[in-house]
2 protein chains.
Amino acid sequence: MPPTEPPALRADARRNRARILRAAAEVFAEHGAAASTEEVAIRAGVAAGTVFRHFPTKKDLLQAIIKDLLESLTAEVDTLAAEGDPATALFTFFGRMVEQAVEKKTVADLLAADTGVDIQVAGPVQSLQTAIETLLTGAQRAGAVRDDVRLDEVMALLTGACQGALHAGWPPDLQKRTLTIIFNGLRP
Amino acid sequence: MPPTEPPALRADARRNRARILRAAAEVFAEHGAAASTEEVAIRAGVAAGTVFRHFPTKKDLLQAIIKDLLESLTAEVDTLAAEGDPATALFTFFGRMVEQAVEKKTVADLLAADTGVDIQVAGPVQSLQTAIETLLTGAQRAGAVRDDVRLDEVMALLTGACQGALHAGWPPDLQKRTLTIIFNGLRP
DNA sequence: GAACATAATGAGTGGCCACTCATCTTGTCA
DNA sequence: TGACAAGATGAGTGGCCACTCATTATGTTC
């Protein structure tokens, strides 16, 4: 059996935990992983100690946020894979991802391995990758992407575009034009 | 007249200044802009105070390094423009730049505007851009790049590739394959 | 080679930030 | 409703780091 379920949280604890997660998502999105835990506590309307009671380490907090983010991205990919046109779904996702990167510094920190992509988030990362792989093979079957393009190249282009867009602050139309070039490179 | 030339440095001061610049280039290349000034001082074999005598602010030191880097990159572009095949010079430079980014975190910090691309380095940045523009128009005249590709798109792809390569630590063959896709996207 | 300006030194200083803990508060449950 | 465990609080603590300054050393000049 799993090593004994932890006892249920008290009502106020559950409420505060949720507040902290919401606040942290906002703060890290705005200021990146460099934002202070104090800032998160303030935004959550909670004392600093409370944050550390729920997340013993800043890294734990960051990884909780990143895990959520990964899961929502994976969900988005799954939706696209199920409902979208296979010939364009991959490209649509690229656009969405770059948009997100510009508005959420968390995305960049997630992609920049140094912040600590640890065993804790390895699973979600894997899920996202396989979801994207589905998009890729779908696009290839539809003849929208060259057959010799591999997943790691797609991931590389994706991280490059996100990092570039965030750090250099690409305006929307530059995002579009740049992605168009990349898409051209992917097409047969 | 320019507001009075500062008096010549003493011999030891000149020597130490050079040492500090060399040490800083190494340290920032290895650890990025986050490296401490203390570390630079140690590597230069000099007391911390001496570093601050020559560069009153850490930012000043960083910008001096970045300025050097920009100038050497510009020189490299100029050489390529003068000697290389216009049809491939732009692509060659892309490869060189990404290589550099992987081995020098300074490059990434330079491209990540937040570290402080200030008026101080605006000139060198401009020079590099115009040099790259020469490469671009050369490649377009040679029919190697589509005519509707603009400089800002090339810069965006370049920063994206560098950021991605550094942060995700692309191995050399992934660098090559990814750049190939980008080059495909640029071709007519 | 003495006098003096210029430079080097390194032990502070202050600020920021992750993290702790003794104390007080509050939800829970009999 | 009272007792108690679980939780919240916020003033520390320690470590790191940019930057300072009184003191000491060294190049330069006549």
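The aromatic rings of F94(A) and F183(A) lie perpendicular to each other, with more than 60° between the two planes, well past the 30° mark.
For R53(B), taking side-chain heavy atoms from C-beta onward, the closest of the listed nucleotides dA7(C), dA18(D), dA8(D) is dA7(C). Which of dG7(D), dC17(C), dG27(D) sits closest to the side chain of S36(A) comes down to dC17(C). Checked against dA18(C), dG27(D), dA7(C), the side chain of A13(B) finds its nearest nucleotide in dA7(C). Looking at the side chain of A11(A), the nearest of the listed nucleotides dG7(D), dC19(C), dT28(C) is dT28(C). For K58(B), counting side-chain heavy atoms from C-beta on, the closest listed nucleotide (dA18(D), dT26(C), dC19(C)) is dA18(D). Counting only heavy atoms from C-beta on, F52(B) has its side chain closest to dA18(D) among dA18(D), dA8(C), dA8(D). Checked against dC19(C), dC19(D), dA5(D), the side chain of R10(A) finds its nearest nucleotide in dA5(D). The nucleotide whose nearest atom lies closest to any side-chain atom of V46(A) is, among dC19(D), dA8(D), dT9(D), dT9(D).
In this structure, the CZ atom of R19(B) is 16 Å from the P atom of dA7(C), given to the nearest Å. The CD1 atom of I42(A) sits 11 Å away from the P atom of dG10(D) (whole-angstrom rounding). In this structure, the CG atom of D60(A) is 13 Å from the C1' atom of dA18(C), given to the nearest Å. One interatomic measurement links the two molecules: CD of E38(B) to C1' of dT13(C), which rounds to 15 Å at whole-angstrom precision. Between the CZ atom of F55(B) and the P atom of dC17(D) there is a distance of 20 Å, given to the nearest Å. Between the CG atom of L62(B) and the P atom of dC17(D) there is a distance of 15 Å, given to the nearest Å. Computed from coordinates, the I20(A) CD1 to dT9(D) C1' distance equals 12 Å when rounded to whole Å. Spacing between atom NE2 of H31(A) and atom C1' of dC16(C) amounts to 15 Å, rounded to whole angstrom units.
Side chain of R43(B) to backbone of A23(B): no donor-acceptor contact under 3.5 angstrom is found.
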As a quick check of understanding, evaluate salt bridge (Lys or Arg N to Asp or Glu O under 4.0 Å) for K105(B) and E30(B), giving each step before the final call.
CA-CA 6 Å; K105(B) 291 207 179 177; E30(B) 280 170 33; over 6 Å; no

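Counting non-hydrogen atoms of other residues, nucleotides and ligands closer than 6.0 Å to CZ of R146(A) gives a total above 12. Around NZ of K58(A), the count of heavy atoms belonging to other residues, nucleotides or ligands within 6.0 Å exceeds 12. By the neighbour-count criterion of 12 heavy atoms within 6.0 Å, atom CZ of R141(B) is sparsely surrounded, having that number or fewer from other residues, nucleotides or ligands.
Taking the nucleotide of DNA chain D with the nearest heavy atom to each of R14(B) and R17(A), the more 5' of the two is matched to R17(A). For R15(B) and A47(A), each mapped to the nucleotide of DNA chain D holding its nearest heavy atom, the one lying further toward the 5' end belongs to A47(A).
Phosphate proximity of dA18(C) to T37(A): present, with a side-chain N or O under 4.0 Å from OP1 or OP2. Residue H54(A) places none of its side-chain N or O atoms closer than 4.0 Å to OP1 or OP2 of dG7(D). Under 4.0 angstrom from either OP1 or OP2 of dA8(D) there lies at least one side-chain N or O belonging to N16(A).
At the heavy-atom level, T50(B) lies under 4.0 Å from base atoms of the strands shown. Using a 4.0 Å heavy-atom distance criterion, A35(B) is classed as a sugar-phosphate-only contact. Nucleic acid contact class of A41(B) (heavy atoms, under 4.0 Å, all strands): none.
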